Amino acid sequence: MEDITGVPLEVPRNFRLICELFGIAAPAFIQLFLDHYSFIDQNFTDKSSYNIATRAVRYINDKIPKGDNPLKIKFEKNEKEMGVKLLRRQVKLAINRNYSTGERRNKGRKITAQLYDLFATKVRLKDRIYLNENISFKLSKDFMLTCLINGVHPSHYINTMMQQVSTAEFLAAMHLDKATYNPVLGLIHRVHDGYGNLIDWEYRHTPFFKRFIMDLQELNKRYFFYRDLDKRIALYEAWLDRILESKDEEFEL
């Protein structure tokens, strides 16, 4: 039986900061991201959070350090035939317009589970991963199947997902009209708008958060004449440091 090597989960500063500033518990967002990945959603596009999370996994896939030992699974002839049959069934289901996207997603999970069970006989992969001794994340068969197919441990996907988040870089690129779509940030912004009920609303009603949002809206005007992207990022990072310093001072009282 093959094995996939993982690495410790590490929450980077930029990811922690954007969650902290918007009143989102980082572990809750990570679990929402994992829960919303849908294997069948690779075959169609809609505006759902499931589709955004699925696009996020595709977005980060090329950024993951694969290492020198990609997973190699050997299937018997009958297992290969079963796998191909299941994949064809799922593609056929994905393009069937007689069902809504929600119905296709729900029916697709059953096929995904069968595919995962086929792979799971060949690979050791636990369905729970730990951030620390108190916080763990449950992994769906949709997500684990993608890990097995790509030979990538779930921890690499989670770490790389968090590394795609930088408030300063995103704002600077957006304000200079140089931004490209980042589905990880897209999902965070959807949660920021209330999706998933992860927001700390008590914090969101504090004077600090209201000042932060007002300051954020004035940011581009304040630094409008700085047109170099790297310079704008550096200015925004300094601004964030001042914001966080004032937040620490206010909430220590």
Side-chain angles (χ1 to χ4, degrees), residues 4 6-7 9 11-12 15 18-19 24-66 71 83 86-87 89-91 93-95 99-120 123 125-131 135-165 181-193 195-198:
I4 303 180
V7 295
L9 293 182
V11 181
F15 181 80
I18 195 170
C19 290
I24 302 169
F29 177 83
I30 294 170
Q31 187 64 68
L32 181 139
F33 165 75
L34 294 170
D35 290 344
H36 280 67
Y37 175 73
S38 170
F39 189 78
I40 195 174
D41 273 64
Q42 298 175 90
N43 299 300
F44 59 80
T45 301
D46 65 9
K47 296 181 180 180
S48 71
S49 297
Y50 292 94
N51 211 259
I52 295 175
T54 304
R55 279 183 277 163
V57 169
R58 292 203 302 265
Y59 176 81
I60 66 179
N61 198 50
D62 292 336
K63 301 175 174 64
I64 295 176
K66 302 295 194 301
L71 186 68
L86 289 169
L87 285 170
R89 278 181 56 196
Q90 191 160 74
V91 171
L93 172 63
I95 62 176
Y99 298 111
S100 68
T101 52
E103 289 174 318
R104 281 179 269 173
R105 191 171 293 121
N106 290 333
K107 291 178 181 293
R109 288 194 187 99
K110 297 178 182 179
I111 302 174
T112 299
Q114 291 177 274
L115 278 165
Y116 172 76
D117 291 342
L118 184 64
F119 276 78
V123 185
L125 190 62
K126 295 181 179 180
D127 66 354
R128 188 165 290 277
I129 187 169
Y130 287 81
L131 177 64
I135 300 173
S136 65
F137 305 109
K138 177 70 173 176
L139 306 178
S140 68
K141 288 188 175 182
D142 286 65
F143 188 74
M144 289 191 292
L145 175 61
T146 293
C147 293
L148 297 185
I149 289 175
N150 293 329
V152 176
H153 193 275
S155 60
H156 289 294
Y157 271 115
I158 297 170
N159 280 340
T160 307
M161 177 274 290
M162 291 188 287
Q163 290 163 6
Q164 306 313 304
V165 175
Y181 182 65
N182 180 337
V184 178
L185 281 170
L187 190 58
I188 287 179
H189 291 159
R190 185 163 289 195
V191 170
H192 162 64
D193 290 338
Y195 182 82
N197 198 28
L198 304 185

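Since the model is a prediction, treat every value here as computed from it, not as a measurement. Numbers here simply count residues along the sequence, with the first being 1.
There is no side-chain donor-acceptor pair under 3.5 Å between R58 and N61. Side-chain polar atoms of Y116 and D142 form no donor-acceptor pair below 3.5 angstrom.
Between the R104 side chain and the Y99 main chain, a donor and an acceptor come within less than 3.5 Å of each other. The closest donor-acceptor contact from the side chain of T54 to the backbone of Q42 lies at 3.5 Å or more, if one exists at all. When atom types are taken as modelled, the side chain of N51 and the backbone of F44 share a donor-acceptor pair closer than 3.5 angstrom. With hydrogens and angles ignored, the 3.5 Å screen pairs no side-chain donor or acceptor of Q90 with any backbone N or O of L87. Between the side chain of Q31 and the backbone N or O of K138, at least one donor-acceptor pair lies under 3.5 Å.
Atoms CG and SG, on L198 and C19 in that order, are 9.5 Å from each other to the nearest 0.5 Å. Rounding to the nearest 0.5 angstrom, the gap separating the OG atom in S140 from the CZ atom in R109 is 8.0 Å. Note that the CG atom of N106 and the CD1 atom of I40 stand 9.5 Å from one another [nearest 0.5 Å]. Taking NE2 from H192 and CG from L185, the interatomic distance works out to 12.0 Å, rounded to the nearest 0.5 Å. A distance of 5.5 Å separates CZ in R89 from CD in Q114, rounded to the nearest 0.5 Å. If you take CG on L86 and CG on L118, they are separated by 7.0 Å, rounding to the nearest 0.5 Å.
The two residues N182 and Q164 make their nearest non-hydrogen contact at ND2-O, 3.1 Å. Residue S155 comes nearest to V7 through the heavy atom pair OG-N, 2.9 Å, listed as atom of the first residue, atom of the second, then distance. Here the closest non-hydrogen pair linking Y59 and K63 is O-NZ, 3.1 Å. The minimum heavy-atom distance linking A53 with L187 is given by the pair CB-CD2, 4.2 Å. Considering all non-hydrogen atoms of both residues, F143 and L139 come closest at CD2-CD2, 4.1 Å. Here the closest heavy-atom approach between residue L125 and residue P154 is recorded as CD1-CD, 3.6 Å.
Using bins of under 30°, 30° to 60° and over 60° for the plane-to-plane angle, the ring pair F29/F33 lands in the parallel bin.
The side-chain heavy atoms of F15 and M161, taken from C-beta on, include a pair separated by under 4.5 Å. T101 places none of its side-chain heavy atoms less than 4.5 Å from the side chain of Y50. Residues Y195 and I52 form no side-chain contact, since every pair of their non-hydrogen atoms from C-beta on lies 4.5 Å or further apart.
In this structure, R105 pairs ionically with D46, as a charged nitrogen and a carboxylate oxygen lie closer than 4.0 Å. Under a 4.0 Å N-O distance rule, the pair D127/K141 does not qualify as a salt bridge.
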Evaluate side-chain contact (heavy atoms from CB on, under 4.5 Å) for H153 paired with I129, printing each intermediate quantity in order.
CA-CA 10 Å; H153 193 275; I129 187 169; 4.0 Å; yes
